[in-house]
Amino acid sequence: MEISKAELASAAAATGSQTQELMGSEVLVKALQAEGVKYIWGYPGGAVLYIYDALYKQDTMQHVLVRHEQAAVHAADGYARATGDVGVALVTSGPGLTNAVTGIATAYMDSIPMVIIAGQVPTPAIGQDAFQECDTVGITRPIVKHNFLVKDAKDIALTMKKAFHIARSGRPGPVVVDIPKDVSFKKVAYHGYPEKVEMRSYNPVKKGHGGQIRKALQLLLGAKRPYIYTGGGVLLGNACNELRTLVDMLGYPVTNTLMGLGAYPASDRKFLGMLGMHGTIEANNAMQNCDVLLAVGARFDDRVIGNPKHFAQNERKIIHVDIDPSSISKRVKVDIPIVGDVKDVLTELISMVRESSTKPDAATLADWWKTIEGWRSRDCLKYDSDNKQVIKPQKVVETLWNMTKDTETYICSDVGQHQMWAAQYYRFDEPRRWINSGGLGTMGVGIPYAMGIKLAKPEAEVFTITGEGSVQMCIQELSTCLQYNTPIKIVSLNNRYLGMVRQWQEIEYSGRYSHSYMDALPNFVKLAEAYGHVGMLIERPEDVEPALREARKLKDRTVFMDFRTDPTENVFPMVQAGKGITEMLLGSEDL
Ligand SMILES: Cc1cc2nc3c(=O)[nH]c(=O)nc-3n(C[C@H](O)[C@H](O)[C@H](O)COP(=O)(O)OP(=O)(O)OC[C@H]3O[C@@H](n4cnc5c(N)ncnc54)[C@H](O)[C@@H]3O)c2cc1C
Ligand SMILES: Cc1ncc(C[n+]2csc(CCOP(=O)(O)OP(=O)(O)O)c2C)c(N)n1
Ligand SMILES: [Mg+2]
């Protein structure tokens, strides 16, 4: 649904100062309108019926009725990741909320700005084991940035203002607002949406400490083997241009985490690829062997540094820029902490580099690059790309990349081997085009992420790279895709295995494939057709490109492509559990 400017203006007028007598649910709708919300993904139930009634009476926001609350949160989360706006989901009390928990935890682990509105039983019934009651605040406390239980309708407007502010400021994250049914029903005087919000105990720092940034500059300019390691924080803080400028000025090598892909253009020579468990040799070796590491909006995840003792064997000075002080020195000891917003800090660093009379030593840097090029020449992502017998999963991703690299394309993924191949073989040159679950690693996000994004970006092509295991976890959303005309393209790398589990069992459990083979898979072509979409079965390597081309031509249709891929293919490089990041398996010859 296209929302006209006039409609948006009328929503904004909701912030006017005239006092109105409104129900709590109507105040909630005004608050959402004033926050500029365009889409809400949700599912109704008894506790939210007044809210749904208020939604019925407005037409500036589109509500999307999903088929499972988990998908409502994932879709709103995907929308938030692609646009940078706060994603909004609405669920009922009890099972509605518990179904949403996986989605909330997924967003929390990746620091995604969201507001989740949950219905609650009426206030007098709370604690009475009422029908569809659950302790929403208690259940969600460990997986939210913050949560609220609104006990009085007069508090709704300010609570919503706080919820949006908390969700999008500082280190972003999901905020749950729990609204009892009587609160949504009660009438209150509405004086307009608050313009400002102040919370004494919540004041995230934006500007980094000038002295610390200067110290960082000195370290960086004096480095012999510098390395810039960046993560999801650069995307969340919209600082990709600043990162690019800094890297160009310094000429230093740069890497991204899985969550940071696209923060720096992958096709640039200074980019060494993703680092970590399935990172490239050059990215991991540079991480281990650098003497000055600039970490920007990245949190030294266990999948990135491998065995911490091995990581600590090499001495290096670490500068860590992060908006969340609790992220700093959490997993590794940092020499120069800089708490602040990545955009502000990089802007200041750039102007200091510009003004500085010291420049990086060209000869030393050239030596470092020579070492790196030596690592890069191993070409660790090489695979059997000419195989004519069986479809190699990497080939599907690479073909897709070649076809779509010059168009506005969003690539979502589920979780498993296919996710890693997508990260390794699709080269992300633009920010916010790679949408996946990193921290929680939630199977099932793929379809909801894609449909959330397609609604916001109707002109863009939206693909989900998935596996036959993951895709079944939210497959019911194919129905939502039809209802709301969000034509997405599903690239299923069907290896008939819970491949990532099978890979671990092959490597770490001596080939004891305990419950990782998926027998009795559905006929995905017929399934897609049953949902009103197009299904394709692709079994031969020579059919990969024509199938993708055909699917892209069907612009207005959701297409499910069931690629039968090599069931025994593994993701390499791989750092095994307990190993250091340079102790990589590079291929089956290492097993
Ligand atoms: C199967 C599987 C395999 C994986 N393998 C890998 C792998 O090989 N390599 C890899 O990298 N990951 C891998 N991951 C992902 C991994 O689990 C983590 O999710 C990821 O490494 C974390 O990325 P990040 O450090 O960029 O942090 P994020 O989770 O993106 O956190 C962002 C950081 O930036 C900070 N921040 C946010 N906003 C700002 C701002 N405005 N200014 C400053 N700071 C800000 C936050 O406080 C936080 O510390 C894998 C996941 C799965 C499911
Ligand atoms: C909800 C959930 N359950 C279990 C897991 C553990 N897990 C990680 S990858 C994986 C296998 C995924 O299989 P599939 O979707 O077919 O992808 P493949 O690895 O074969 O590409 C499993 C079970 C998970 N990440 N999420
Ligand atoms: Mg599989």
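Just follow the structure's listing: the first ligand is 1, and inside any ligand the first atom is 1.
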Legend entry - Atoms of type N/O/S from protein, distance to the Mg ion (ligand 3) below 2.8 Å: 4

Inset, instruction - Within a distance under 4.0 Å of any heavy atom of M277, pick out the atoms of ligand 1 and give their elements. - result: 7 (C), 8 (O)

Legend entry - Residue-ligand contact A423/ligand 1, heavy atom below 4.0 Å: no

Inset, instruction - Evaluate the side-chain proximity of Q417 to Q503: yes if any heavy-atom separation is below 4.5 Å, no if none is. - result: yes

Inset, instruction - Please determine if R433 forms a cation-pi arrangement with F428, meaning its NZ or CZ atom is less than 6.0 Å from the six-membered ring centre and no more than 45° off the ring axis. - result: no

Inset, instruction - Using a strict 4.0 Å cut-off to heavy atoms of G297, name the atoms of ligand 1 that fall inside it. - result: 26 (O), 32 (C), 33 (C), 34 (O), 44 (N)

Legend entry - Residue part near ligand 1, for A298, under 4.0 Å between non-hydrogen atoms: both

Legend entry - Shell of residues surrounding ligand 2, defined by a 4.0 angstrom heavy-atom cut-off that is strict: V415, G416, Q417, H418, G441, M443, G467, E468, G469, S470, M473, N495, Y497, L498, G499, M500, V501

Legend entry - Under the side chain to side chain donor-acceptor pair (under 3.5 Å) test, residues paired with S326 that sit two or more places apart: D324

Inset, instruction - Below 4.0 angstrom from a heavy atom of M259, which ligand 1 atoms are there? Numbered from 1 as shown, please. - result: 19 (O), 20 (C), 22 (C), 23 (O), 26 (O), 30 (O)

Legend entry - Counterpart residues, side chain to side chain contact (heavy atoms under 4.5 Å, CB included), relative to V144 (two or more places apart): I104, T140, N147, V176

Legend entry - Proximity of M420 to ligand 1 by residue part, where a heavy atom lies under 4.0 Å: side chain

Legend entry - Row check, F311 ring normal vs R316 NZ/CZ: under 6.0 Å, within 45°: yes

Inset, instruction - Step through it carefully: locate the ring centre of Y426, locate the ring centre of W421, and say whether they are under 6.0 Å apart. - result: no

Inset, instruction - Report the part of I323 (side chain from C-beta onward, or backbone N, CA, C, O) that has a heavy atom under 4.0 Å from ligand 1; answer both or neither where that applies. - result: both

Inset, instruction - Step through it carefully: locate the ring centre of Y229, locate the ring centre of F300, and say whether they are under 6.0 Å apart. - result: yes

Legend entry - Pair Y202 + H165: ring centers closer than 6.0 Å: yes

Inset, instruction - Could you tell me whether a side-chain N or O of R496 sits under 3.5 Å from a main-chain N or O of N494, the two making a donor and an acceptor? - result: yes

Inset, instruction - Would you mind running through ligand 1 and noting each atom that sits below 4.0 Å from a heavy atom of L236? - result: 37 (C), 38 (N)

Inset, instruction - State if M109 counts as touching ligand 1 under the rule of any non-hydrogen atom under 4.0 Å. - result: yes

Legend entry - For G439, the ligand 1 atoms whose distance to one of its heavy atoms is below 4.0 Å: 19 (O)

Inset, instruction - Answer side chain, backbone, both or neither: which part of V304 comes under 4.0 Å from ligand 1, heavy atoms only. - result: side chain

